[in-house]
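Below: the structure, in structure tokens.
Side-chain atoms are counted along with the backbone in the values below, which use heavy atoms only and exclude waters and symmetry mates. Numbers for residues simply follow the sequence, beginning at 1. One-based numbering, in listed order, for ligands and for the atoms of each.
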Amino acid sequence: MSNDVINAPVRAMLVLGTRPEAIKLAPVARAMADSPLFEPLVVTTGQHREMLHQMLDLLQVPARTELDVMRERQQLSTLTARLVDGLGEVLRDQRPDVVIVQGDTTTALTGALAAFYEHIPVAHVEAGLRTGVADNPFPEELNRRLIGRIARWHFAPTPRAAGHLTAEGVPESEVFTTGNTVIDNLLWVLAKGVGRNHFTTGLRRVLLTLHRRENQGEVMRGMGRALRRLADRGDVELLLPLHKSPAVREALLPELTGHPGIRVVEPLGYLDFSATLAACDLVLTDSGGVQEEAPSLGKPALVLRTTTERPEAVEGGAARLVGTTPEAILHAAERLLDDPREYTRMATAGNPFGDGRATERIITQLAGDFGVDAPDALGAPAADDSLIARLPEGPESYSTA
Ligand code: UD1
Ligand code: UDP
């Protein structure tokens, strides 16, 4: 790529469709908009509607191309077909120099695939996460593996994620350990200090988020029952900003409404969610992003899943993979609430997901490879890799099985 020197700015298309993609690509969009070296072209697929729109201000890029693919209870096959088709047209129309996708969603997979069909190189942000179980999380684990076959730049958040990619045969020269951009965004938002904490009582504060497809149905109803029993203690306030997915709502609302210790609210905007996270005592979640954010704020996270592609926090002690059974969930939550030593151990374990400079590393690398880098054109000193380099490696995969 360094031979194909192009004139600045590099036209970088950021393809995003869901809440976490907007949050994690926002710092990249902002940095590119501030740099003379890049022209960020934002495409929102609309895989999510309300939950994406409430995040778009974070990007601070006024113009964007919008697709509108969301349908109630969309099937993965229909969504995938509509996205490849729609994105192909956008790419043929705008011909960017590079397409940037994030994570493991259907939008990310189809963004990479459509770019491949148009012979446009792909940069993958948050590359290399693996559980080692092809259908868990479903379908995200497979999406990640497939994007890993397509991408030219693999921006891995941790050394372990980078190790997965090289073990799969991706050349080391295409893998870059950067930290996770979610930390960059969280630090940026908290520095603004304008979010509102949505807890309302002085009780112990438990923040909940649940949405995973593989748990929908009976497993998620069981989670709801466990949470209701937790609230029966009477000394806790449970707050659930509820995902918009109808399948999630059907499973959880019957169990969680009508209890004085549980408040179910609509999804929070990012400023308020991060302020609420900063104010809580404990997090119970199946979310990828929340698993990364909680340790940065010293909040113990109980991960309500059977696998995680983010074992770094579990091994470091900031998170516990508790599984999905009601007994395991209740036991783990009560233990944390009742054992101050265990609580302090988790709350002080630290954050393994980055130092807030992932974006800098990503755009410095891209600028260099496109031959447009200039010493201070990025408006920031070169990233310090020493912290990232010290993060530990770990086993290949991680699950409760
Ligand atoms: C998707 C991602 C998952 C990510 C999650 C983030 C895939 C395969 N999965 O989950 O990795 O963790 O988003 O939240 O891409 N809906 C609305 N309004 C919204 C958003 C969703 O009404 O703003 C409803 C729609 O009925 C939609 C359903 O929720 O059909 C599920 O949305 P979808 O994007 O399919 O979510 P997941 O695939 O579960
Ligand atoms: N989040 C938010 N408002 C909410 C719930 C979550 O802004 O009401 C943020 C959270 O801070 C995290 C991201 O959404 O950065 C996680 O999104 P989600 O759990 O939907 O997806 P995942 O990370 O599991 O892919």
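Using cut-offs of 30° and 60° on the angle between ring planes, the pair His243 and His48 is perpendicular.
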*side chain to side chain donor-acceptor pair (under 3.5 Å) between Thr166 and Glu172, intermediate numbers included*: CA-CA 6 Å; Thr166 49; Glu172 272 182 33; 5.4 Å; no
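A salt bridge between Glu21 and Arg19 is absent, with no side-chain N of the basic residue lying under 4.0 Å from a carboxylate O of the acidic one. A salt bridge between Glu327 and Arg225 is absent, with no side-chain N of the basic residue lying under 4.0 Å from a carboxylate O of the acidic one. Between Arg152 and Asp369 there is a salt bridge, with a side-chain nitrogen of the basic residue lying less than 4.0 Å from a carboxylate oxygen of the acidic one. Ion pairing of Arg160 with Glu315 is present here, as a side-chain N (NZ or NE/NH1/NH2) and a carboxylate O approach within less than 4.0 Å.
Side-chain atoms of Gln47 and Thr107 include a donor-acceptor pair closer than 3.5 Å.
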Do any nitrogen or oxygen atoms of ligand 1 lie under 3.5 Å from a protein nitrogen or oxygen, and which ones?
{"residue": "ligand 1", "atom": "9 (N)", "partner": "Glu140", "partner atom": "OE2", "Å": "2.9"}
{"residue": "ligand 1", "atom": "11 (O)", "partner": "Glu140", "partner atom": "OE2", "Å": "2.7"}
{"residue": "ligand 1", "atom": "12 (O)", "partner": "His211", "partner atom": "NE2", "Å": "3.4"}
{"residue": "ligand 1", "atom": "12 (O)", "partner": "Arg212", "partner atom": "NH2", "Å": "3.4"}
{"residue": "ligand 1", "atom": "13 (O)", "partner": "His48", "partner atom": "NE2", "Å": "3.2"}
{"residue": "ligand 1", "atom": "14 (O)", "partner": "His243", "partner atom": "NE2", "Å": "2.8"}
{"residue": "ligand 1", "atom": "15 (O)", "partner": "Gln47", "partner atom": "NE2", "Å": "2.7"}
{"residue": "ligand 1", "atom": "15 (O)", "partner": "Thr106", "partner atom": "N", "Å": "2.9"}
{"residue": "ligand 1", "atom": "15 (O)", "partner": "Thr106", "partner atom": "OG1", "Å": "3.4"}
{"residue": "ligand 1", "atom": "18 (N)", "partner": "Glu50", "partner atom": "OE1", "Å": "2.6"}
{"residue": "ligand 1", "atom": "23 (O)", "partner": "Arg49", "partner atom": "N", "Å": "3.1"}
{"residue": "ligand 1", "atom": "23 (O)", "partner": "Glu50", "partner atom": "N", "Å": "3.1"}
{"residue": "ligand 1", "atom": "23 (O)", "partner": "Glu50", "partner atom": "OE1", "Å": "3.0"}
{"residue": "ligand 1", "atom": "23 (O)", "partner": "Met51", "partner atom": "N", "Å": "2.9"}
{"residue": "ligand 1", "atom": "26 (O)", "partner": "Arg73", "partner atom": "N", "Å": "3.1"}
{"residue": "ligand 1", "atom": "30 (O)", "partner": "Arg71", "partner atom": "O", "Å": "3.2"}
{"residue": "ligand 1", "atom": "30 (O)", "partner": "Arg73", "partner atom": "N", "Å": "3.1"}
{"residue": "ligand 1", "atom": "30 (O)", "partner": "Gln74", "partner atom": "N", "Å": "3.1"}
{"residue": "ligand 1", "atom": "34 (O)", "partner": "Gln47", "partner atom": "NE2", "Å": "3.0"}
{"residue": "ligand 1", "atom": "34 (O)", "partner": "His48", "partner atom": "NE2", "Å": "3.0"}
{"residue": "ligand 1", "atom": "35 (O)", "partner": "Gln74", "partner atom": "NE2", "Å": "3.3"}
{"residue": "ligand 1", "atom": "35 (O)", "partner": "Arg213", "partner atom": "NH2", "Å": "2.7"}
{"residue": "ligand 1", "atom": "38 (O)", "partner": "Arg213", "partner atom": "NE", "Å": "2.7"}
{"residue": "ligand 1", "atom": "38 (O)", "partner": "Arg213", "partner atom": "NH2", "Å": "3.0"}
{"residue": "ligand 1", "atom": "39 (O)", "partner": "Arg213", "partner atom": "NE", "Å": "3.4"}

Which atom pairs, nitrogen or oxygen on both sides, join ligand 2 and the protein at under 3.5 angstrom?
{"residue": "ligand 2", "atom": "3 (N)", "partner": "Leu268", "partner atom": "O", "Å": "2.7"}
{"residue": "ligand 2", "atom": "8 (O)", "partner": "Leu268", "partner atom": "N", "Å": "2.8"}
{"residue": "ligand 2", "atom": "11 (O)", "partner": "Glu293", "partner atom": "OE1", "Å": "2.7"}
{"residue": "ligand 2", "atom": "11 (O)", "partner": "Glu293", "partner atom": "OE2", "Å": "3.1"}
{"residue": "ligand 2", "atom": "14 (O)", "partner": "Arg19", "partner atom": "NE", "Å": "3.3"}
{"residue": "ligand 2", "atom": "15 (O)", "partner": "Glu293", "partner atom": "OE1", "Å": "3.4"}
{"residue": "ligand 2", "atom": "15 (O)", "partner": "Glu293", "partner atom": "OE2", "Å": "2.6"}
{"residue": "ligand 2", "atom": "17 (O)", "partner": "Arg19", "partner atom": "NE", "Å": "3.4"}
{"residue": "ligand 2", "atom": "19 (O)", "partner": "His211", "partner atom": "NE2", "Å": "3.4"}
{"residue": "ligand 2", "atom": "19 (O)", "partner": "Ser287", "partner atom": "OG", "Å": "2.7"}
{"residue": "ligand 2", "atom": "20 (O)", "partner": "Arg19", "partner atom": "NE", "Å": "3.1"}
{"residue": "ligand 2", "atom": "20 (O)", "partner": "Arg19", "partner atom": "NH2", "Å": "2.9"}
{"residue": "ligand 2", "atom": "23 (O)", "partner": "Ser287", "partner atom": "OG", "Å": "3.3"}
{"residue": "ligand 2", "atom": "23 (O)", "partner": "Gly288", "partner atom": "N", "Å": "3.4"}
{"residue": "ligand 2", "atom": "23 (O)", "partner": "Gly289", "partner atom": "N", "Å": "2.7"}
{"residue": "ligand 2", "atom": "24 (O)", "partner": "His211", "partner atom": "NE2", "Å": "3.0"}
{"residue": "ligand 2", "atom": "24 (O)", "partner": "Arg212", "partner atom": "NH1", "Å": "3.3"}
{"residue": "ligand 2", "atom": "24 (O)", "partner": "Ser287", "partner atom": "OG", "Å": "3.4"}
{"residue": "ligand 2", "atom": "24 (O)", "partner": "Gly288", "partner atom": "N", "Å": "2.8"}

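In the displayed structure, Arg145 atom CZ is contacted under 6.0 Å by more than 12 heavy atoms of other residues, nucleotides or ligands.
For the atom pair CZ of Phe176 and CZ of Arg361, the computed distance is 13.5 Å after rounding to the nearest 0.5 Å.
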